[in-house]
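A short worksheet on the structure shown next.
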Amino acid sequence: MATHYDIVSVDSVPSTQDAASRHRESTGTATLVIADHQTEGRGRQGRSWEEPARGLFSSLALLTDWPVADRAVITMCTAVALAASIEDVAGTRCDIKWPNDLLIDGDKVAGILVETASDAVTVGCGVNLWWPASPPSAGTVYDDDPGPDVAVEIARGWVERLLEMLDAGPGAWPRADYLERSWTLGRKVTWEGGAGVAVGIASGGGLIVDTDDGEETIIAGEVHTHQER
């Protein structure tokens with residue numbers, strides 16, 4: 001891994017995304033921010049991140065030389081990196097719901113947000129480590145409180161894996177690993193104006209869907225995955 005990065009640990013922060021981005025801008029160095037609590041988190045499609053009893057709130061801000069057209073797969077790389085780190089630390093397998101939600105037994109345990117501005121990229125990962133009274137469809141990695149040190153271990157694990165992937169370049173993104181962990185493939189999916197069965201992941205990260213009119217690749221937008229295969 002060639003990329004050096006600073007690690008900033010804080011007790012509470014409005015947004016790890018904003019904190020990491022500001023630190024990188026002020027120092028010129030890639031920055032990982034890890035917080036015990038996040039008060040103004042945000043997710044994909046403008047959703048907020050509801051805070052679990054014990055969570056991981058982390059963001060990595062850095063500059064990239066990846067072509068703009070290839071940056072969509074950074075979110076896929078992050079999903080693989082975070083899933084592998086959770087499995088390594090907690091011993092629990094995570095599946096990936098396209099494009100970048102992590103599931104355990106069908107319940108969401110982690111979300112990923114990638115924001116870009118010119119060549120600056122900020123990657124945020126939020127994980128439900130322990131949540132004794134979690135909302136419906138929200139899962140947790142641990143059945144009991146693992147304590148605060150686990151969050152740091154998982155965060156460093158996903159960051160180091162992701163940086164290795166970014167150094168390797170977009171042509172080497174771990175598509176096979178993503179496919180092996182995919183929860184979405186084989187399931188019925190719907191979106192505005194279409195429906196079908198997910199059958200593959202394109203090299204650029206799009207979801208390949210078999211519809212009544214043939215195969216279609218979904219690049220972005222709101223896609224709903226149905227439980228039954």
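Across Asp145 and Arg54, no two heavy atoms sit closer than the pair OD1-NE, 2.9 Å. Between Val159 and Leu32, the shortest heavy-atom distance links the atoms CG2-CD1, 3.7 Å. For the pair Pro52 and Val127, the tightest heavy-atom approach, listed with the atom from each and the gap, is CG-O, 4.2 Å. When all heavy atoms of Gly214 and Thr211 are compared, the pair lying nearest together is O-OG1, 2.6 Å. Taking both residues in full, the closest heavy atoms of Ile74 and Leu162 are given as O-CD1, 4.4 Å, listed atom of the first, atom of the second, then distance. The heavy-atom pair separating Ser58 from Trp158 by the smallest distance is OG-NE1, 3.1 Å.
Considering Met165, Glu180, Glu164, Met76 as possible partners of Pro174, the one that fulfils the side-chain contact (heavy atoms from CB on, under 4.5 Å) test is Met165.
A salt bridge between Asp95 and Arg181 is absent, with no side-chain N of the basic residue lying under 4.0 Å from a carboxylate O of the acidic one.
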Dump the intermediate steps for side-chain hydrogen bond (donor to acceptor under 3.5 Å, both in side chains) on Thr122 and Glu115, then the final yes or no. CA-CA 5 Å; Thr122 307; Glu115 297 176 310; 5.6 Å; no
Report the C-alpha separation of Tyr5 and Glu160 in whole Å, then their side-chain angles, then the decisive distance to 0.1 Å, and conclude whether the side chain to side chain contact (heavy atoms under 4.5 Å, CB included) test is met. CA-CA 10 Å; Tyr5 63 97; Glu160 289 169 8; 3.3 Å; yes
Let's go through Thr16 and Gln38 carefully: what are the C-alpha distance in whole Å and the side-chain angles of both, what is the deciding distance for side-chain hydrogen bond (donor to acceptor under 3.5 Å, both in side chains) to 0.1 Å, and is it a yes or a no? CA-CA 7 Å; Thr16 57; Gln38 183 175 239; 3.2 Å; yes
Take His23 and Thr31 through the side-chain hydrogen bond (donor to acceptor under 3.5 Å, both in side chains) test and state the conclusion after the steps. CA-CA 7 Å; His23 191 278; Thr31 302; 2.8 Å; yes
Using side chain to side chain contact (heavy atoms under 4.5 Å, CB included), reason through Leu113 and Gln17 one step at a time and then give a plain yes or no. CA-CA 9 Å; Leu113 176 66; Gln17 290 285 95; 3.9 Å; yes
Can Cys94 and Val109 be said to form a side chain to side chain contact (heavy atoms under 4.5 Å, CB included), step by step? CA-CA 8 Å; Cys94 293; Val109 299; 4.3 Å; yes
Check step by step if side chain to side chain contact (heavy atoms under 4.5 Å, CB included) holds for Ile154 and Leu129. CA-CA 10 Å; Ile154 292 175; Leu129 295 176; 3.8 Å; yes
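Within 6.0 Å of CG on Asp212 lie no more than 12 heavy atoms contributed by other residues, nucleotides or ligands. A 6.0 Å sphere centred on CD of Glu153 holds no more than 12 heavy atoms belonging to other residues, nucleotides or ligands. Within a 6.0 Å radius of CZ in Arg71, more than 12 heavy atoms belonging to other residues, nucleotides or ligands are found.
Between Thr190 and Val223, the closest side-chain pair of non-hydrogen atoms is not below 4.5 Å. Under the 4.5 Å side-chain criterion, counting only non-hydrogen atoms from C-beta, Arg24 is not in contact with Thr29. You'll find the side chain of Lys97 stays beyond 4.5 Å of the side chain of Lys108, heavy atoms only. Residues Trp98 and Ser182 have side chains not in contact (no heavy-atom distance under 4.5 Å, counting atoms from C-beta outward). Between Cys125 and Thr78 there is a side-chain heavy-atom pair separated by less than 4.5 Å.
Within the 3.5 Å criterion, the main-chain N or O of Val152 finds no donor-acceptor partner in the side chain of Arg156.
If you take CG on Asp11 and CD1 on Ile34, they are separated by 13.5 Å, rounding to the nearest 0.5 Å. Separation of atoms CD1 (Ile104) and OG1 (Thr140) is listed at 7.0 Å; rounding is to 0.5 Å. Summarising the geometry, atom CD1 belonging to Ile96 is positioned 8.5 Å from atom CG belonging to Asp177; distances are rounded to the nearest 0.5 Å. The structure places CG of Asp36 at 8.5 Å from OG of Ser12, a figure rounded to the nearest 0.5 Å. Note: Ile201 CD1 to Leu185 CG = 5.0 Å, rounded to the nearest 0.5 Å. Summarising the geometry, atom CH2 belonging to Trp66 is positioned 13.5 Å from atom CG belonging to Asp119; distances are rounded to the nearest 0.5 Å.
The cationic atom of Arg187 (NZ for Lys, CZ for Arg) lies less than 6.0 Å from the six-membered ring centre of Trp183 and within 45° of the ring axis.
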Show which side-chain atoms of residues 202-210 pair as donor or acceptor with protein atoms under 3.5 Å away, not counting sequence neighbours.
none

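Connectivity analysis of hydrophobic side chains (ILVMFWY, heavy atoms under 4.5 Å, direct or indirect) links Leu63 to nothing; its cluster partners are none.
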